[in-house]
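Scope of the values below: all heavy atoms of this structure, side chains included, with no hydrogens, waters or symmetry mates. Starting from 1, each residue takes its place in the sequence as its number.
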Amino acid sequence: MDRGDGSRHKTFTRRAALLAGGKLSLAAVLIGRMYYLQVLESDQYQMLAEENRISMRLLAPPRGLVMDRFGRELASNRQNYRVVLIAEQTNGVAETLDRLARVIPITPHQRRRVLREVMRKRPFVPVKVAENLTWEQFARINVLLPDLPGVQPDVGEGRHYPVGLETAHIVGYVSSVSEADLTGDPLLELPGFRIGKNGIEKIFDETLRGKAGNSRVEVNAYGREIRELARQDGQPGDDVVLTIDADLQEKISRRLADESAAAVVMDIHQGEILAMVSAPSYDPNAFNLGMSTKAWRALVQHPRKPLINKAIAGQYPPGSTFKIVTLAAALEAGGFDPSDRISCPAEWDGLGEDAIKTNWKEEDRGLITLTQALAESCNTVFYELAVSLHNQDEELLPAFAAGFGFGQATGIVGVGEEPGVASGPEWKRRNRNDFWFTGDTVNMSIGQGFLAVTPLQIANAYAAIATDGILITPLVVNSTRTSDGAIVHEFSAEPTGVLPVSADTLADLQAATRAVISTRLGTGWPIFNGSPLLAAGKSGSTDDSAEQVHALFVAYANTNDPQLLVTVVLDEGESGADDAGPIARQVLERSVQAGWVAN
């Protein structure tokens, strides 16, 4: 008992100092502590046993796993040593924290958080003090527990991301429950409980969370558990199985590690996303361990925006990848034929001598077919097409853009996405309070102006072009399953629309994308020359409002039986063909090696 002369406090301090300094082995301390409790103070503890009481404790269920398509774990659970504090069992929260700080490190931030949570929560609700303790720290707390009233050691499970950096933008992360997150679910009030804050972890949080169990235990006057009287285990959360191939995801992530970029690899028949990379990335394990304000601020303020999944939330002008839409409108509704020849000069004055626009090539190419215009990406040919389309109907080209899914959410299952911007006369009137001019259609014809799309939208549109003209919902999630493997829900791609073109026009578009790579003057010819793949696609380079040049390349293979499509967007580049194209080729060829595309 405390005699009031501080002897007990001094005894605790000596014990803590010995343990912290390593002067006494833990085994020796534990044996000595058992002798002290069972023999020397047996009478006292017999008296204290009368004060023992029954406590009901909520048990957090194991969180479901997130796995790739082959069962490789992308989000798992591992043992987590932690310590919580129950305010009503202390002689003063501040005093208990002072004592505990002599055993384990407690930062000023942790202390303020605990004091704040104690004020907010009911006095019998445990408040997390620290977690991810070492075994040595955890053992010290257990040895000194009689001198730490209100402190309760606990062993739980913490989230772990084995493929952290490479899959962070898809899997997401878990973090502490904020007041805004509280819904009345008692699980959310458990100390140290975490919920999904991003990616799969957030969208499938309730699926992964499971249902709480409970334990009826006898505890002594110090709050230490004497024995468990009854237990009802919780129901583990369901697992989420992704369409992602983690090995392919890792390879592409490492290839783009030094870039600010996005890449999407898609099975164009099933709509399954095999890889979705955004660079630079971040370590989701840092959120689980507790991120400092400084570290969080560094991520938020990073100029390359590592927290944003650029594949689905990066909004870019599509540049010349949009020319396939302009070609489709010209062939389907503009009265043009793929073999029609239009002049491809270096300069174009179709909007007047005060509004000269240029081609990316400095020489006059003369008359070329529309198919060759797409292959060579001749801007001035597409300016002429734009004027013709605008004169027919100013709504025509914007309507085709919408029909190809540009500037609209794809409906992808598994991750949140940004819709982008699909402009037109009505959009400009509503957002700019202005009319839609011929120049707006001219800018749109080459993927500039009032347009913003995601790399996923480009991938989805070209997947429809490569196959049967049907737009489908891309998939990142294959299924949800119980912990014993039983399928709860299986996802499949659903049609969301049909490209606004006939079968003949679709065939013409496919031929034009093949010409990009198969003809010597095509922008993709130097990239795929010598490749074993029969590929088709389109390059693009574009400036955004910040005058940053983006490089884009989309390609699919093989053209005789298209199976796989890759879209690469680099935030900082000069040429879609020169900068993004080689990466697209590497990704396609590595996918062949992985067995995704037949030679």
Side-chain angles (χ1 to χ4, degrees), residues 317-394 396-398 400-401 436-451 508-509 511-527 537-544 547 549-553 573-579 581:
S320 293
T321 63
F322 184 85
K323 288 175 181 173
I324 197 74
V325 178
T326 307
L327 180 59
L331 298 179
E332 187 68 25
F336 289 90
D337 187 84
S339 59
D340 287 344
R341 293 179 176 271
I342 296 179
S343 177
C344 176
E347 293 186 345
W348 181 79
D349 62 359
L351 296 177
E353 294 184 359
D354 295 333
I356 300 296
K357 299 182 79 66
T358 61
N359 187 24
W360 66 278
K361 286 185 177 180
E362 295 183 355
E363 73 271 18
D364 187 336
R365 286 283 297 119
L367 294 173
I368 61 175
T369 67
L370 295 190
T371 298
Q372 198 61 26
L374 187 83
E376 297 185 33
S377 204
C378 177
N379 291 343
T380 49
V381 167
F382 284 89
Y383 297 151
E384 281 293 328
L385 294 179
V387 171
S388 177
L389 293 171
H390 185 89
N391 289 339
Q392 289 183 59
D393 184 352
E394 65 178 11
L396 190 55
L397 187 55
F400 267 78
W436 185 262
F437 299 106
T438 305
D440 294 319
T441 305
V442 167
N443 285 335
M444 177 179 275
S445 72
I446 62 164
Q448 293 280 180
F450 304 115
L451 269 178
D508 292 335
L509 299 180
T513 58
R514 290 196 297 270
V516 170
I517 289 173
S518 63
T519 59
R520 287 188 175 273
L521 291 177
T523 57
W525 167 267
I527 301 163
K538 186 71 188 79
S539 61
S541 304
T542 182
D543 299 332
D544 63 15
E547 298 184 354
V549 177
H550 304 293
L552 305 90
F553 204 96
E574 295 182 2
S575 162
D578 294 342
D579 298 322

Taking all non-hydrogen atoms of both residues, which atom of [X] and which atom of [Y] are closest, and how far apart?
| X | Y | result |
| --- | --- | --- |
| Gly447 | Pro317 | O-CB, 3.6 Å |
| Pro318 | Leu552 | O-CD2, 3.9 Å |
| Leu396 | Ala333 | CD1-CB, 3.9 Å |
| Ile368 | Cys378 | CD1-CB, 4.1 Å |
| Ser343 | Thr380 | O-OG1, 4.4 Å |
| Ser539 | Thr523 | OG-OG1, 2.9 Å |

Looking at [atom1] of [X] and [atom2] of [Y], how far apart are the two atoms once the value is rounded to the nearest 0.5 Å?
| X | Y | atom1 | atom2 | value |
| --- | --- | --- | --- | --- |
| Leu389 | Thr441 | CG | OG1 | 8.0 Å |
| Ile324 | Leu509 | CD1 | CG | 4.5 Å |
| Leu374 | Phe382 | CG | CZ | 5.0 Å |
| Met444 | Trp436 | CE | CH2 | 4.0 Å |
| Trp360 | Ser541 | CH2 | OG | 8.5 Å |
| Asp508 | Thr371 | CG | OG1 | 6.5 Å |

| query | Do other residues, nucleotides or ligands put more than 12 heavy atoms under 6.0 Å from the CD atom of Glu362? | reply |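 12 or below, so no.
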With the side chain counted from C-beta on, respond yes when [X] and [Y] share a heavy-atom pair under 4.5 Å apart, and no when they do not.
| X | Y | value |
| --- | --- | --- |
| Asp364 | Pro345 | yes |
| Leu385 | Ser445 | no |
| Thr542 | Phe322 | no |
| Ile527 | Ile517 | no |

| Any donor-acceptor pair under 3.5 Å linking the side chain of Asp440 with the backbone of Phe437? |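 Yes; judged by distance alone, with no hydrogens or angles, the pair exists.
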| task | Say whether, by atom type as modelled, one donor and one acceptor occur between the side chain of Asp340 and the main chain of Asp337 under 3.5 angstrom. | result |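 Confirmed, Asp340 side chain pairs with Asp337 backbone.
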| said: Once side chain to side chain donor-acceptor pair (under 3.5 Å) is applied, do any residues pair with Glu394, and if so which ones, sequence neighbours excluded? | reply: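 Partners of Glu394 under the side chain to side chain donor-acceptor pair (under 3.5 Å) test: none.
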| task | Step by step, work out the side chain to side chain contact (heavy atoms under 4.5 Å, CB included) result for Asn379 and Thr358. | result | CA-CA 7 Å; Asn379 291 343; Thr358 61; 5.9 Å; no
| said: I'd like to know if the side chain of Ser377 pairs up with that of Ser320 as donor and acceptor (distance under 3.5 Å, no hydrogens or angles considered). | reply: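 Indeed, the side chains of Ser377 and Ser320 share at least one donor-acceptor pair under 3.5 Å.
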| task | Would you please name every residue forming a salt bridge (charged side-chain N to carboxylate O under 4.0 Å, His left out) with Glu376, sequence neighbours left out? | result |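 Expected list: Lys361, Arg365.
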| said: One pair to check against side chain to side chain contact (heavy atoms under 4.5 Å, CB included): Lys357 and Asn443. What are the steps and the verdict? | reply: CA-CA 10 Å; Lys357 299 182 79 66; Asn443 285 335; 3.2 Å; yes
| message | According to ring-ring contact (aromatic ring centres under 6.0 Å, His included), who are the partners of Trp525, at least two apart in sequence or on a separate chain? | response |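 Trp525 satisfies ring-ring contact (aromatic ring centres under 6.0 Å, His included) with no other residue.
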